[in-house]
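A short write-up of the structure that comes next.
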Amino acid sequence: MAGIDYTSLIPNNVALHENRRLQRALEDWQPKFLEWWQDMGPNGFQAKEVYLRTAVSVDAQGWAKFGYVRMPDYRWGIFLAEPEVGRQVNFGDHKGQPAWQEVPGEYRGTLRRLIVTQGDTEPASVEQQRHLGRTCPSLYDLRNLFQVNVEEGRHLWAMVYLLDAHFGRDGREESEALLQRRSGDADKPRILGAFNEKTPDWLSFFMFCFFTDRDGKYQLASLAESGFDPLSQTCRFMLTEEAHHMFVGEAGIMRIVQRACELQREHRTDDLRQHGGIDLRTIQKYLNFHCSVSLDLFGSEISTNAANFYTAGLKGRFEETKRQDDHQLKHATYTVAELDGERIVTREEGALVSLNERLRDDYVADCARGVARWNEVIKKHGIEFELTLPHRGFHRAIGIFADVRVSPDGRVISQAEWDARHGEWLPNDEDKAYIQSLMYAVIEPGKFANWIAPPPRGINGQPVDFEYVRLG
Ligand SMILES: [Fe+2]
Ligand SMILES: [Fe+2]
């Protein structure tokens with residue numbers, strides 16, 4: 001099972017050759033995917049050799065091999081984590097039943113929607129990032145961008161496999177539609193808001209990888225708990241790839257923070273724009289933006305959908321099986337935020353309808369750990385500044401905070417104060433123009449743009465000045 005068959009047209013570890021109908025459906029979809037990749041994937045660079053990792057097995061040891069690949073030749077395919085023998089539905093009304101190998105008829109529509117919503121984010125981010133190659137701060141970063149892009153492409157494959165294998169004709173139609181929506185398109189936008197935002201520069205890209213890919217981690221982790229076993233196996237393997245995306249984000253921001261500190265000390269000023277750096281205040285604004293749009297991805301604080309997904313055994317909590325409770329939550333409560341006029345207070349709610357908020361809490365705690373690591377860099381430089389996560393009510397478009405204005409430190413404020421001050425809290429036109437002015441390609445191996453520090457080490461044991469992309 002662990003070994004991946006690379007001799008077939010579609011690399012896989014699901015014995016695709018034994019299911020002719022499915023194989024044909026996927027072989028029919030494959031050229032359409034490649035067409036989409038050519039149209040909407042990385043702009044330029046398609047003929048260049050990139051030092052990429054490809055999955056060769058799905059076990060923890062040595063699942064990846066590294067080598068030069070032209071992106072359109074990347075071996076996208078279908079990889080599921082090892083099946084867990086005797087796995088059960090671990091939560092909800094069906095707790096204790098054997099995990100489902102086929103879609104339960106009553107949950108067909110719901111499950112399809114969950115898979116399509118997750119699947120839609122994968123090509124969306126590739127579309128959002130397609131112009132970044134032209135302004136890469138180094139070959140190392142260019143390679144990391146492309147690694148993220150090809151793996152998001154593979155995540156799309158993962159969801160399309162589930163749709164084609166388990167949802168018949170409806171599934172095949174959804175697979176087509178995943179290639180037809182376009183990030184930011186007014187007529188056929190991607191499903192979720194954050195995936196229609198622009199990723200116009202590398203500071204935004206790293207923030208996206210840190211905050212928005214991390215939402216992906218939490219969604220995938222909850223789906224990995226699913227009683228629908230093929231979804232669980234698919235998501236478990238996707239999580240191993242997702243980890244790299246968050247590394248790219250966290251390490252990228254850390255290197256920008258480090259460079260800001262170096263420049264600040266060297267020039268004895270925190271006004272780094274005259275010195276071509278990105279100051280910590282500007283980093284904070286981008287952080288505020290990407291954090292807030294990513295928080296929206298978790299949905300409303302109170303959600304009967306979330307309760308239904310859980311009760312049905314389709315989507316669990318983060319690390320469901322590690323939690324010590326009845327895994328049904330019918331009588332449990334959870335603390336959620338609430339607006340009491342001008343004040344933000346908390347109240348106890350039913351645990352089932354609060355599952356979105358609980359997942360958001362897990363996510364926020366994880367984000368906070370990353371921010372703490374950035375702050376250590378600042379501290380090491382003896383600079384008094386702390387990056388912080390904005391209050392969860394800040395700049396929200398979904399849930400109870402969508403109707404009010406909240407400052408980053410969590411005060412409910414008037415529209416007038418918001419209008420006067422949001423440019424201090426979110427990137428304003430001047431900030432965006434400045435960041436854009438820093439964006440030009442640095443393509444000499446081992447060289448880095450002035451606003452970002454080199455990484456401490458290269459990829460897969462290669463030196464930092466390795467030729468990660470052969471531009472020739
Ligand atoms: Fe992904
Ligand atoms: Fe990702």
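Order of appearance sets the numbers: ligands from 1, and atoms from 1 within every ligand. Hydrogens, waters and symmetry mates play no part in the numbers below; they use all other heavy atoms, side chains included. Everything numeric in this text was worked out from a predicted model, so none of it was measured.
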For [X], I'd like to know if atom [atom1] has over 12 heavy atoms of other residues, nucleotides or ligands within 6.0 Å.
X      : atom1 : value
Phe66  : CZ    : yes
Arg75  : CZ    : yes
Lys322 : NZ    : no

- Are Asp215 and Gln219 linked by a side-chain donor-acceptor pair shorter than 3.5 Å? yes
- Vertex the Fe ion (ligand 2), ends Asp213/OD1 and Glu152/OE2: angle to nearest 10° comes to 90°
- Message: Just to confirm my numbers, could you give the angle made at the Fe ion (ligand 1) by OE1 of Glu122 and ND1 of His155, rounded to 10°?
- Response: 100°
- Message: Please give the atom name: the N, O or S atom of His245 nearest to the Fe ion (ligand 2).
- Response: ND1
- Query: Does Glu242 bring an N, O or S atom to within less than 2.8 Å of the Fe ion (ligand 2)?
  - Reply: yes
